[in-house]
K.L.:
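Have a look at the structure that comes next, please.
Predicted model, so just to flag it, every value in this text is computed and none were measured. In each ligand, atom 1 is the first atom listed, and ligand 1 is the first ligand listed.
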Amino acid sequence: MSHSILILNGPNLNLLGTRQPEVYGTATLKDIEATCADKAAAMGVALSFAQSNHEGVLVDALHDAKGKHNGVILNAGAYTHTSIALRDAISATELPVIELHLSNIHAREEFRHHSHIAAVAIGQICGFGAQGYPLAMDALITHLGEDK
Ligand code: CA2
């Protein structure tokens with residue numbers, strides 16, 4: 001049976017490619033989605049790709065992922081550093097979640113060093129820019145393969 005994965009993006013990531021290219025690169029979220037869709041097709045996995053600026057919408061998306069998807073790649077944006085609600089939603093889904101960031105959050109401001117998500121994620125990928133998305137897909141699909 002083929003796997004289905006959700007890539008979920010949080011606040012302000014809809015602005016990618018328009019500002020702060022020195023931090024976040026020049027690819028837009030649409031570019032990243034297209035890269036991920038191509039990779040998903042090549043890997044034979046189903047992919048859903050979504051973005052919201054609203055914490056509750058992200059919580060709902062995680063709840064909805066249960067039963068629909070086998071795993072989630074989550075770039076929660078700044079909610080990474082603030083949201084216990086997102087952490088609880090990840091725990092509730094019981095799905096494997098990979099925490100993803102474009103930038104190396106550990107090399108940036110102190111307030112970005114702590115992640116509420118890290119403790120409930122299977123792992124974290126950060127600092128590789130847009131390339132982190134396909135890297136996270138490889139990691140998640142490998143993990144799901146090992147689950148069987
Ligand atoms: O590096 C990442 O992927 C982050 O999750 C991005 C978040 C930031 O709050 C996290 O600490 C790390 C911010 C996304 C903002 O994206 C923008 C893109 C273009 C212009 C302005 C913001």
K.L.:
Looking only at protein heavy atoms, identify the closest one to atom 16 (O) of ligand 1 and say how far it is in Å.
P.N.:
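Scanning the protein heavy atoms, the shortest distance from atom 16 (O) of ligand 1 goes to Asn12 O, 3.5 Å.
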K.L.:
Can you tell me how far the OG1 atom of Thr28 sits from the CG atom of Leu16, to the nearest 0.5 Å?
P.N.:
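Reported to 0.5 Å precision, the distance equals 7.5 Å.
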K.L.:
So, Ser115 versus Glu99: side-chain donor-acceptor pair below 3.5 Å or not?
P.N.:
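Distance-only check passes for Ser115 and Glu99.
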K.L.:
Which of the atoms of ligand 1 are close to Arg19, meaning less than 4.0 Å from one of its heavy atoms?
P.N.:
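In order of number, 19 (C), 20 (C).
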K.L.:
Counting N and O atoms only, with roles assigned by atom type, does the side chain of Gln51 sit under 3.5 Å from a partner on the main chain of Gly10, one being a donor and the other an acceptor?
P.N.:
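Confirmed, Gln51 side chain pairs with Gly10 backbone.
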K.L.:
Given side chains that start at C-beta, do those of Ile105 and His114 come closer than 4.5 Å, heavy atoms only?
P.N.:
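The answer is no; the side chains never approach within 4.5 Å.
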K.L.:
Do any heavy atoms of Asn75 fall under 4.0 Å from ligand 1?
P.N.:
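Yes.
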K.L.:
Applying side chain to side chain donor-acceptor pair (under 3.5 Å), can you list everything that pairs with His69, at least two apart in sequence or on another chain?
P.N.:
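Partners of His69 under the side chain to side chain donor-acceptor pair (under 3.5 Å) test: Ser4.
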K.L.:
Describe, in one word, how the ring planes of His106 and His113 are oriented to each other, choosing from parallel (under 30°), tilted (30 to 60°) and perpendicular (over 60°).
P.N.:
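His106 vs His113 ring planes: tilted.
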K.L.:
Please indicate whether Lys66 has more than 12 foreign heavy atoms, meaning atoms of other residues, nucleotides or ligands, lying under 6.0 Å from its NZ.
P.N.:
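Result for NZ/Lys66: enclosed.
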K.L.:
Say you draw a straight line from CD1 of Ile73 to CG of Leu140; how long is it, rounded to the nearest 0.5 Å?
P.N.:
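Here the rounded value is 5.0 Å.
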K.L.:
To check your reading of the model: name the closest protein heavy atom to atom 2 (C) of ligand 1, its residue, and the distance in Å.
P.N.:
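Going atom by atom, the protein heavy atom closest to atom 2 (C) of ligand 1 ends up being Leu102 N, 3.3 Å.
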K.L.:
For Ser103 and ligand 1, does the shortest N/O to N/O distance drop below 3.5 Å?
P.N.:
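By distance alone, the answer is yes.
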K.L.:
Hey, is Ile105 one of the residues with a heavy atom under 4.0 angstrom from ligand 1?
P.N.:
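Yes, that is the case, since the closest heavy atom of the residue is under 4.0 Å from the ligand.
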K.L.:
Nearest to atom 13 (C) of ligand 1, what protein heavy atom do you find, and at what distance?
P.N.:
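Residue, atom and distance for the closest contact: Tyr24 OH, 3.3 Å.
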K.L.:
Closest by any non-hydrogen atom to atom 11 (O) of ligand 1: pick that one out of Glu99, His81, His113.
P.N.:
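Of the listed residues, His81 has the closest heavy atom.
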K.L.:
Do me a favour and list the nearest non-hydrogen protein atom to atom 8 (C) of ligand 1 with residue, atom name and distance?
P.N.:
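Checked against all protein heavy atoms, atom 8 (C) of ligand 1 sits closest to Arg112 NH1, 3.3 Å.
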K.L.:
Of all the non-hydrogen atoms in the protein, which one sits nearest to atom 21 (C) of ligand 1, and at what distance?
P.N.:
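Here the closest protein heavy atom is Gln20 OE1, 3.5 Å.
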K.L.:
Quick one: look at His101 and ligand 1, take heavy-atom pairs under 4.0 Å, and tell me if it's side chain, backbone, both or neither.
P.N.:
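Contact part for His101 vs ligand 1: both backbone and side chain.
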K.L.:
Could you tell me whether some N/O pair between Pro11 and ligand 1 is separated by less than 3.5 angstrom?
P.N.:
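Checking ligand 1 against Pro11, no N or O pair falls under 3.5 Å apart.
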